[in-house]
Novice: 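Before I ask anything, let me first share the structure, which is written out below as structure tokens.
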Amino acid sequence: MRLEKLRKIEELGVDPWGGRFDGHQPIAKIRELPVVAFDDHPTEQVKAAGRIIQKRDQGKLFFLDLWDQTGKIQIMIGQKQVGEECWKLVNLLDIGDLIGVEGVFGKTRKQELSIRAEKITILSKSLEPHPTSYFGMENIEFRLRHRYLDLIHTPETLQRAKQRVLIIRTIRQFLDNQGYMEVETPTLHAIAGGAAARPFTTHHNALDIDLFLRIALELHLKRLLVGGLEKVYEIGRVFRNEGISVKHNPEFTMMELYQAYGDYRSMMELTENLLVACVDALGGGRVRPWADKTIDFNPPFQRAKYEDLFREHVGCDMHNEAEVLQAAQRMRLKDVLTKEHDVRVHELFEACVEDKLVGPVFVYDYPAALCPLTKRKRENPKIAERFELYVHGMELANAYTELNDPLTQEETFKRQLAGLPEEDSMAKMDHDFILAQRHGMPPAGGLGIGIDRLVMLLTNTQTIRDVILFPLLRPEA
RNA sequence: GCGUCUGUAGCUCAGCUGGUAGAGCACGAGACUUUUAAUCUUGUGGUCGUGGGUUCGAUCCCCACCGGACGCACCA
């Protein structure tokens with residue numbers, strides 16, 4: 001059917017696939033121009049390009065709704081006004097086609113801002129019918145598999161995509177202004193370290209070696225600290241070969257930064273300032289909606305010691321091994337007996353505390369065994385100088401005072417390796433990294449933020465797949 | 001991986017104690033130079049996710065498989 005029209009357009013001597021179309025204005029800008037009713041003979045010449053999303057055929061007069069990234073506007077096309085050749089073309093237009101319009105800006109008798117077309121240029125024919133604009137796209141799978149249509153026909157999807165860009169741009173500006181240097185480190189790793197996650201495996205043919213897609217940015221950025229890049233960050237994709245959920249996509253975007261001569265306290269300040277900058281950049285105030293609740297981003301954020309939260313919600317002292325074991329058994333945690341104390345502690349924390357954290361709240365001072373890359377407190381080596389920022393039960397940021405002592409680092413790597421399948425261990429022995437550290441790594445604060453989750457929280461989006469344009473889906477049969 | 005729900009026209013959805021399907025929009029034809037979910041007349045459009053089974057007969061019941069949603073598990 002549409003192929004038939006395509007042929008007819010070609011018979012008119014017109015290229016249905018268009019070409020360069022210069023000098024058009026964004027529709028939103030056109031709508032801001034001073035407006036005169038068509039009956040009062042406006043003279044404002046405008047030029048727009050976009051997609052036809054609706055058509056109202058009035059015989060010798062056509063009304064189209066033209067849509068571009070910035071907005072939509074009505075196009076009025078009269079047979080007498082555009083001439084015979086153009087009129088033939090207009091009759092071959094469908095919803096979904098891309099066109100260029102040149103004409104006069106004004107408003108109709110019904111007060112609708114419009115462009116009265118003098119010339120129509122077809123820029124591309126749509127051979128497939130588009131979803132109807134009124135009913136939109138309800139089927140989630142259909143939207144995800146046809147994100148290009150979702151962006152056109154679901155305003156919120158485009159809105160979120162734009163907000164994501166704005167958030168990332170704000171982070172870059174914020175960090176660049178503070179003298180941070182943005183770098184790119186490898187995504188192909190020989191050892192997938194820096195976090196506890198199963199990596200994706202791939203193979204390099206020429207070298208005939210297996211490689212892993214990175215699960216974190218950490219270890220290369222720290223090598224750069226050794227190399228004298230004192231304030232460094234990267235925003236990049238990481239890959240974890242694990243389950244998919246409303247909070248997890250196999251590939252997601254991390255921002256990690258490192259500041260020489262800082263610690264986790266300086267990271268706390270920075271995190272707070274950075275988030276507030278993002279919130280302010282989006283507009284709409286610092287108290288933001290989240291499902292049927294709200295999130296208050298007004299600083300200072302709450303600060304809570306891990307140990308205190310543990311006592312409050314689990315009901316015992318996290319250092320008391322016997323009580324912790326009892327609590328773990330009471331909660332029916334799996335394999336309690338085979339796990340070491342700190343692991344039990346954290347499983348209890350996740351089971352009893354996490355969901356109760358409304359936040360934003362900095363939870364700080366973690367059991368050391370959970371944190372092989374973190375500096376221990378000088379006065380208490382069982383505690384690591386780490387915090388996580390929680391918002392409505394979601395981990396949004398993670399920061400350490402970085403461990404810069406290569407001897408301790410080697411020990412924590414070894415200790416983590418003992419008795420654990422390597423892929424389950426956060427610390428994979430990485431001699432090359434330790435060698436770098438042995439050349440003198442500055443004391444530093446480090447911070448990681450899950451960008452996708454940040455976008456979720458700031459845009460009131462309850463599922464990660466709606467802040468990622470193309471989330472992973474199983475291919476259709 | 002387990003459990004619950006789900007898959008009908010391009011889109012949004014009806015339907016049926018089991019008798020091989022309907023609407024709106026979109027698309028085609030016709031009328032209309034101020035419509036805006038345009039309207040009016042009329043027409044086209046479906047392997048009812050796939051494959052088996054039960055049945056005289058399956059979109060409907062049963063089984064398996066393939067997608068998807070949610071929950072649990074996994075994931076600091």
Novice: Let me know the distance between CD of Glu347(A) and P of A73(B), rounded to the nearest Å.
Specialist: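 It is 12 Å, rounded to the nearest whole Å.
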Novice: Categorize Gly96(A) for me: base, sugar-phosphate, or nothing, with a 4.0 angstrom heavy-atom threshold over every strand shown.
Specialist: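 Nothing, no nucleic acid heavy atom in range.
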Novice: Distance check, rounded to the nearest 0.5 Å: Gln409(A) atom CD versus Met441(A) atom CE?
Specialist: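 With rounding to 0.5 Å, CD (Gln409(A)) is 8.0 Å from CE (Met441(A)).
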Novice: Say we look at G57(B) and C13(B): how far apart would their C1' atoms be, to the nearest angstrom?
Specialist: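 Approximately 28 Å lies between the C1' atom of G57(B) and that of C13(B).
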Novice: Rounded off to whole Å, could you give me the CG-to-C1' distance for the Asn139(A) and U8(B) pair?
Specialist: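 Rounding to the nearest Å, CG of Asn139(A) and C1' of U8(B) are 12 Å apart.
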Novice: Nucleotides 24-33 of chain B: which of its N/O atoms have a protein N/O under 3.5 Å away?
Specialist:
{"residue": "G28(B)", "atom": "OP1", "partner": "Lys5(A)", "partner atom": "NZ", "Å": "2.1"}
{"residue": "C32(B)", "atom": "N3", "partner": "Gly59(A)", "partner atom": "N", "Å": "3.2"}
{"residue": "C32(B)", "atom": "N4", "partner": "Asp57(A)", "partner atom": "OD1", "Å": "3.1"}
{"residue": "C32(B)", "atom": "N4", "partner": "Gly59(A)", "partner atom": "N", "Å": "3.2"}
{"residue": "U33(B)", "atom": "OP2", "partner": "Lys60(A)", "partner atom": "N", "Å": "3.3"}
{"residue": "U33(B)", "atom": "O4", "partner": "Lys80(A)", "partner atom": "N", "Å": "3.1"}

Novice: Given that both distances must come in under 3.5 Å, which nucleotide forms a Watson-Crick or G-U wobble pair with U4(B)?
Specialist: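 Pair assignment: U4(B) / A69(B).
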Novice: For Phe387(A), does the six-membered ring have the charged nitrogen or CZ of Arg303(A) within the cation-pi criterion, i.e. under 6.0 angstrom from the centroid and within 45° of the normal?
Specialist: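 Output no; distance or angle outside limits.
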Novice: To the closest 0.5 Å, what do you measure between CD1 (Ile434(A)) and CD (Glu410(A))?
Specialist: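 One gets 4.5 Å once the value is rounded to the nearest 0.5 Å.
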Novice: Contact class for Phe142(A) vs. all strands (heavy atom < 4.0 Å): base, sugar-phosphate, or nothing?
Specialist: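 Here Phe142(A) touches the backbone only, sparing every base.
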Novice: Closer than 4.0 angstrom, basic N to acidic O: yes or no for Asp466(A) and Arg143(A)?
Specialist: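 Counted as a salt bridge, because a side-chain N and a carboxylate O are separated by less than 4.0 Å.
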Novice: Would you kindly give the NE2-to-P distance between His146(A) and G68(B), to the nearest whole Å?
Specialist: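 That distance rounds to 13 Å.
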Novice: Determine the sole option in Arg376(A), Lys375(A), Lys377(A), Lys305(A) for which the salt bridge (charged side-chain N to carboxylate O under 4.0 Å, His left out) test with Glu385(A) is passed.
Specialist: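 Filter result, single survivor: Lys377(A).
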Novice: With both distances under 3.5 Å as the test, what is the Watson-Crick or G-U wobble partner of C75(B)?
Specialist: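 Pairing partner, where one exists within any strand: none, as none qualifies.
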Novice: What is the distance, rounded to the nearest whole Å, between atom CD of Gln111(A) and atom P of U34(B)?
Specialist: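 Going from Gln111(A) (CD) to U34(B) (P), I get 16 Å.
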Novice: Ignoring hydrogens, what is the shortest heavy-atom contact between Thr412(A) and Leu403(A)? Give both atom names and the distance.
Specialist: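 Closest pair (atom of Thr412(A), atom of Leu403(A), distance): OG1-CD2, 4.4 Å.
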Novice: At under 4.0 Å between heavy atoms, what does Arg116(A) touch on the DNA or RNA strands: base, sugar-phosphate, or nothing?
Specialist: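 No contact.
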Novice: Tell me which nucleotide, if any, is Watson-Crick or G-U wobble paired with A9(B) when both distances must be under 3.5 Å.
Specialist: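 WC or wobble partner does not exist here.
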Novice: In whole angstrom, give me the gap between the P atoms of U12(B) and G53(B).
Specialist: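 So the two P atoms sit 33 Å from each other.
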Novice: Go nucleotide by nucleotide along RNA chain B from the 5' end; which of Arg465(A) and His346(A) gets its closest nucleotide reached first?
Specialist: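 Its nearest nucleotide lies further toward 5', so the answer is Arg465(A).
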Novice: Please give the distance between the P atoms of A73(B) and A64(B) as a whole number of Å.
Specialist: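 Rounded to whole Å, the distance is 25 Å.
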Novice: Taking atom P in both G30(B) and G68(B), what distance in whole Å separates the two?
Specialist: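 Here G30(B) and G68(B) have their P atoms 44 Å from each other.
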Novice: Can you tell me how far CD of Glu156(A) sits from CG of Asn460(A), rounded to the nearest 0.5 angstrom?
Specialist: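 Interatomic distance, Asn460(A) CG to Glu156(A) CD, rounded to 0.5 Å: 11.5 Å.
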Novice: Could you tell me whether Arg7(A) and Glu10(A) make a salt bridge, using a distance below 4.0 angstrom between a side-chain N and a carboxylate O?
Specialist: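 Salt bridge absent between Arg7(A) and Glu10(A).
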Novice: Could you check, using the six-membered ring where one of them is a Trp, whether Tyr366(A) and Tyr306(A) have ring centers closer than 6.0 angstrom?
Specialist: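 Yes: the rings meet the under 6.0 Å criterion.
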Novice: What is the base-pairing partner of U39(B), counting Watson-Crick and G-U wobble geometry with both distances under 3.5 Å?
Specialist: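 In the structure as shown, U39(B) has A31(B) as its Watson-Crick or wobble partner.
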Novice: Taking NZ from Lys107(A) and P from U36(B), how many angstroms apart are they, rounded to a whole number?
Specialist: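 The answer, rounded to whole Å, is 18 Å.
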Novice: Look at the side chain of Thr108(A) and decide which nucleotide, out of U34(B), C11(B), G68(B), has an atom nearest to it.
Specialist: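 Between U34(B), C11(B), G68(B), the one nearest the side chain of Thr108(A) would be U34(B).
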Novice: If pairing requires Watson-Crick or G-U wobble contacts with both distances under 3.5 Å, which nucleotide is the partner of U50(B)?
Specialist: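 Checking every strand shown, U50(B) finds its partner in A64(B), with both distances under 3.5 Å.
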Novice: Write down the distance separating the P atoms in U17(B) and C25(B), rounded off to the nearest Å.
Specialist: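 28 Å, rounded to whole Å.
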Novice: So, OP1 or OP2 of G7(B): does either fall under 4.0 Å of a side-chain N or O from Arg145(A)?
Specialist: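 No, outside the criterion.
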Novice: Tell me what Glu138(A) touches on the nucleic acid: a base, only sugar-phosphate, or nothing, going by heavy atoms under 4.0 Å.
Specialist: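 It contacts sugar-phosphate atoms only.
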Novice: For G68(B), does either OP1 or OP2 sit under 4.0 Å from a side-chain N or O belonging to Arg474(A)?
Specialist: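 Looking at the OP1 and OP2 atoms of G68(B), one of them is under 4.0 Å from a side-chain N or O of Arg474(A).
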Novice: What interatomic distance, in whole Å, is found between C1' of U55(B) and the corresponding atom of C62(B)?
Specialist: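 The same atom, C1', in both gives a distance of 12 Å.
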Novice: Between C70(B) and A31(B), how far apart are the P atoms? Round to whole Å, please.
Specialist: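 Nearest-Å result for A31(B) against C70(B) at atom P: 50 Å.
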Novice: Tell which nucleotide pairs with U59(B), taking only Watson-Crick or G-U wobble pairs whose two distances are both under 3.5 angstrom.
Specialist: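 Result: none.
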Novice: Just N and O in the side chain of Arg240(A): are any of them under 4.0 Å from OP1 or OP2 of C75(B)?
Specialist: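 No, outside the criterion.
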Novice: Would you indicate what Leu473(A) reaches in the nucleic acid, counting non-hydrogen atoms under 4.0 angstrom: base, sugar-phosphate, or nothing?
Specialist: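 Sugar-phosphate: the residue Leu473(A), judged by heavy atoms under 4.0 Å, touches backbone atoms but no base.
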Novice: Within this structure, what is the CG-OG1 distance for the pair Asn241(A) and Thr201(A), rounded to the nearest 0.5 Å?
Specialist: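 That separation rounds to 7.5 Å.
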Novice: How many Å lie between CG on Asp40(A) and P on U34(B), as a whole number?
Specialist: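 Answer to the nearest Å: 17 Å.
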Novice: For Lys247(A) and C70(B), give me the distance from atom NZ to atom P, rounded to whole Å.
Specialist: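 Computing the Lys247(A):NZ to C70(B):P distance gives 13 Å.
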Novice: Measuring from the side chain of Val246(A) (C-beta onward, heavy atoms only), which nucleotide among U12(B), U36(B), G71(B) has the closest atom?
Specialist: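 So the nucleotide nearest the side chain must be G71(B).
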Novice: Which nucleotide, U34(B), C11(B), U36(B), lies nearest any side-chain atom of Arg56(A)?
Specialist: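 The answer is U36(B), which lies nearest to the side chain.
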Novice: Suppose you measure atom P in G7(B) against the same atom in C11(B); what distance do you get, rounded to whole Å?
Specialist: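 Approximately 14 Å lies between the P atom of G7(B) and that of C11(B).
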Novice: Output the rounded distance in Å from NE2 (His248(A)) to C1' (C74(B)).
Specialist: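 Rounded to whole Å, this separation is 9 Å.
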